[in-house]
Number of protein chains: 2
Amino acid sequence: MMNIGKAAAASGVSAKMIRYYESIGLLPAARRTDSGYRFYTDEDVHVLRFIRRARDLGFAVADIGELLALWRDQGRASADVKRIALGHVAALERKIAELQGMVDTLRMLAAHCHGDARPDCPILTDLDAGGGR
Amino acid sequence: MMNIGKAAAASGVSAKMIRYYESIGLLPAARRTDSGYRFYTDEDVHVLRFIRRARDLGFAVADIGELLALWRDQGRASADVKRIALGHVAALERKIAELQGMVDTLRMLAAHCHGDARPDCPILTDLDAGGGR
DNA sequence: GTTGACCTTCCAATGTTGGCAAGGTTTACA
DNA sequence: TGTAAACCTTGCCAACATTGGAAGGTCAAC
């Protein structure tokens, strides 16, 4: 039995975000004291840490909802969990490839830029010309 | 002399975004016809393509403002441009490393998950335990 | 009993893009 | 000339996750 500040400190999820997750339905409405304060159990903190960890792994809130449902379902098939995880891996890798493409282009352009007081710069020239696309 | 739709098609920046860039001050207010329509010149389209290319390279709008100022400044030092570009590369690489860390963790967890009809799954177990952190 | 630390709800902003609505303008065609 | 389609205008809402603040109620310690 603890209030939202304690639960936040114990789980690593801010009080602000706990209320937000409740508002969007990721978490069930917390029980309240007579005066209206939310209160949480150790079990609730456990769930919050699950969410925190999943966020750290880059899962979107919608994905976490699915994972939470599977987590709670003792009869789940591990294939369902694996599918979500690998789908997320694929999305992450697409993003990485996209960013890496940007890095490669910029590094190439920067390599040809004097980087001194002279004004001519292939980086600007490329932006100017649209990169030949 | 063309209206916003033409400028959008010619530059690859949507009319919506052109208005947005104007609203946040990245672009100066466009000239208007008597009836209030914005109109653009080939030079304006040139600027829009510059912006489009920079966005494709992942520069934030704030960065693009700086790049645009340098682009317009005939006396700029190429070092200034290179600094911005390499700063952006560093930020991109930090992001890539972060995503790659997620991928590595998830791949490792998924590798130990049967992925069949059985319920036990190390992915959920890890989320549960907080990954040992 | 007062002070400070906590809690509550509501509103706003971040950054970039898309969508929709209601209304005015221009263009093309019959 | 009339009209319909295609364009333009502004403004508001939506997304994503998170943070901040304001105004006000509650709890604990001293």
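A ring-ring contact (aromatic ring centres under 6.0 Å, His included) check over residues 8-31 of chain A, counting only residues at least two apart or in different chains, returns nothing. The list of ring-ring contact (aromatic ring centres under 6.0 Å, His included) pairs with a residue in residues 65-97 of chain B, not counting sequence neighbours, reads B/H46-B/W71, B/F50-B/W71, B/F59-B/H88.
B/I4 has its CD1 atom 15 Å from the C1' atom of D/dA6, to the nearest Å. As a whole-Å value, the separation of A/R55 CZ from D/dT19 C1' is 14 Å. Here the P atom of nucleotide C/dG15 and the CG atom of B/D63 are 12 Å apart, to the nearest Å. Note: NZ (B/K6) to P (C/dT27) measures 11 Å, nearest angstrom.
Annotation: side chain of A/D80 is not in contact with side chain of A/E66 (no heavy-atom distance under 4.5 Å). A heavy-atom distance below 4.5 Å is found between the side chains of B/V45 and B/M2.
A heavy atom closer than 4.0 Å to some atom of DNA chain D occurs in no member of residues 86-104 of chain A. At a non-hydrogen distance threshold of 4.0 Å, B/S14, B/K16, B/M17, B/Y20, B/Y21 from residues 9-28 of chain B come into contact with DNA chain C. If you check residues 32-48 of chain A against DNA chain C, the residues with a heavy atom closer than 4.0 Å are A/R32, A/G36, A/Y37, A/R38, listed by number.
Remark: B/A90 engages B/R94 in a side chain to side chain contact (heavy atoms under 4.5 Å, CB included) (not counting sequence neighbours). Listed by chain and residue number, B/T105, B/I123, B/D126 satisfy the side chain to side chain contact (heavy atoms under 4.5 Å, CB included) test with B/L109 (two or more places apart in sequence, or in another chain). Residues meeting the salt bridge (Lys or Arg N to Asp or Glu O under 4.0 Å) test with B/R76, sequence neighbours left out: none. Scanning for side chain to side chain contact (heavy atoms under 4.5 Å, CB included) contacts around B/E22 gives B/A29, B/A30, B/R32, B/R38, B/Y40, with sequence neighbours left out. Every residue meeting the salt bridge (Lys or Arg N to Asp or Glu O under 4.0 Å) condition with A/R31, not counting sequence neighbours, appears here in chain and number order: A/D44. Take B/D104 and apply the salt bridge (Lys or Arg N to Asp or Glu O under 4.0 Å) test, not counting sequence neighbours, and it matches no residue. Listed by chain and residue number, A/E93 satisfy the salt bridge (Lys or Arg N to Asp or Glu O under 4.0 Å) test with B/R107 (two or more places apart in sequence, or in another chain).
The side chain of A/N3 contributes no N or O atom lying less than 4.0 Å from OP1 or OP2 of C/dC6.
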